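The next block holds one structure in the form of structure tokens; read it before the comments.
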Amino acid sequence: MNSAEITPAAARSRARLVASGAAFLILSPFITWLLALVDILPDGTSVILAVTAGLAGFLLLQVLCEETGLVQCSMSRVTARTLTGVRMLDLTSIRDVRLLTSITRGGRTSHAVVVRDSHGVRVGLTSVRSQRALVRALQRTGADEQAAPSVSAAASAHLGLGDRWHRAVHTIITLLLQVLVLALYVALVLGLARLQ
């Protein structure tokens, strides 16, 4: 590891810091509601923050570990840029693989294969090249049952290693849950705003 590369512990620490910031954005309408109750902030501030900061926090949490640019890809390692910096994923020690589905600006679905290695580094692989390297790594470790990582059915289907219907079911359930959670969040903030 050269001096420009970040250690797995530093990557995890930076990701936790940004995730904490996103959680604060999500909770900010409730904090401002409490401050408005004691007349520190004007009424209605919590609604404005729910529409801006709260939704930004939800979006940030979804794309926190996604690959925004592929730096290097080999048989044993994927180095990718994420919102929290460069992360190096060890393909020889994969622990688990999951599929992350989200809605993009145009209303289309976006899929990222989230991989965690034994060092705790998580990267959401989005490029075809990095996903091909992951498939080769999974095929190499598939022969050894003891070292085989946990792979969700949806991720397996997305990578072409399983039945495609798993990905379709995962996408439908995920999108319904995302809409439900956002609707409940906005309804809760609006309900609190009425109490002021």
Side-chain angles (χ1 to χ4, degrees), residues 1-29 31 49-106 108-138 140-141 147 149-152 154-156 158-159 170-171 174-175 177-178 181-182 185:
M1 187 180 304
N2 65 34
S3 62
E5 295 174 342
I6 189 167
T7 65
R12 285 191 308 272
S13 175
R14 192 180 315 165
R16 279 190 208 108
L17 181 66
V18 174
S20 299
F24 177 76
L25 288 174
I26 292 169
L27 294 175
S28 63
I31 296 167
L49 281 175
V51 173
T52 55
L55 295 178
F58 277 117
L59 292 174
L60 183 61
L61 278 179
Q62 287 184 353
V63 298
L64 191 60
C65 68
E66 277 188 19
E67 163 191 356
T68 58
L70 188 61
V71 176
Q72 179 185 7
C73 189
S74 67
M75 291 183 69
S76 62
R77 186 169 77 171
V78 170
T79 306
R81 280 188 193 84
T82 66
L83 289 178
T84 59
V86 176
R87 296 188 191 186
M88 295 176 300
L89 183 68
D90 185 2
L91 294 177
T92 60
S93 64
I94 299 170
R95 191 180 333 166
D96 58 49
V97 181
R98 301 286 174 257
L99 185 64
L100 176 68
T101 302
S102 58
I103 303 172
T104 61
R105 249 191 302 174
R108 302 176 65 132
T109 57
S110 169
H111 298 285
V113 181
V114 180
V115 183
R116 184 174 34 207
D117 64 14
S118 63
H119 307 290
V121 176
R122 283 179 29 151
V123 178
L125 303 178
T126 56
S127 69
V128 174
R129 189 171 160 212
S130 61
Q131 290 180 8
R132 270 195 231 130
L134 173 62
V135 168
R136 286 190 298 269
L138 289 173
R140 279 193 308 271
T141 60
S150 171
V151 181
S152 73
S156 182
H158 181 74
L159 293 169
H170 166 82
T171 301
T174 301
L175 295 180
L177 285 174
Q178 286 178 355
V181 165
L182 286 175
Y185 176 78

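None of these values were measured; they are calculated from a predicted model.
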Separation between CZ (R77) and CD (Q72), nearest 0.5 Å, reads 5.0 Å

Rounded to the nearest 0.5 Å, the CZ atom of R136 sits from the CG atom of L91 at a distance of 9.0 Å

- Kindly determine whether L159 and V113 satisfy side-chain contact (heavy atoms from CB on, under 4.5 Å), including the steps that lead there. CA-CA 8 Å; L159 293 169; V113 181; 4.0 Å; yes

Could you tell me if the side chain of L83 sits less than 4.5 Å from the side chain of V18, heavy atoms only? no

Residues passing the side-chain hydrogen bond (donor to acceptor under 3.5 Å, both in side chains) test with D117, sequence neighbours excluded, are none

Tightest non-hydrogen contact, residues Q178 and S102, listed as NE2-CA, 3.8 Å

Closest non-hydrogen atoms of V78 and A133, given as atom of the first, atom of the second and distance, are CG2-CB, 4.4 Å

Hits for side-chain hydrogen bond (donor to acceptor under 3.5 Å, both in side chains) against S150, two or more places apart or cross-chain, chain-then-number order -> R98

Can you give the donor-acceptor pairs under 3.5 Å from side chains of residues 56-70 to other protein atoms, not counting sequence neighbours?
residue: E67; atom: OE1; partner: T126; partner atom: N; Å: 3.0
residue: E67; atom: OE1; partner: S127; partner atom: N; Å: 3.4
residue: E67; atom: OE1; partner: S130; partner atom: OG; Å: 3.0
residue: E67; atom: OE2; partner: S127; partner atom: OG; Å: 2.9
residue: T68; atom: OG1; partner: R81; partner atom: O; Å: 3.1

Correct closest heavy-atom pair for Y185 and G54 would be OH-CA, 3.2 Å

*Do the side chain of R87 and the main chain of R122 share a donor and acceptor less than 3.5 angstrom apart?*
yes

For A155 and V97, the nearest pair of non-hydrogen atoms, with its separation, is CB-CG1, 3.9 Å

The side-chain contact (heavy atoms from CB on, under 4.5 Å) partner of L89 among L134, I94, V115 is V115

Polar side-chain atom of Q131 near backbone of H158 as donor-acceptor pair, under 3.5 Å
no

| said: Distance alone, cut at 3.5 Å: any donor-acceptor contact between the side chains of T101 and T174? | reply: no

In this structure, CD1 of I31 is separated from CG of L25 (nearest 0.5 Å) by 9.5 Å

Next on the checklist: Is there a side-chain contact between L99 and V114 in this structure, where contact means two heavy atoms from C-beta onward sitting under 4.5 Å apart?
Outcome noted: no

Between the NE2 atom in H119 and the OG atom in S93, the distance rounded to the nearest 0.5 Å is 4.0 Å

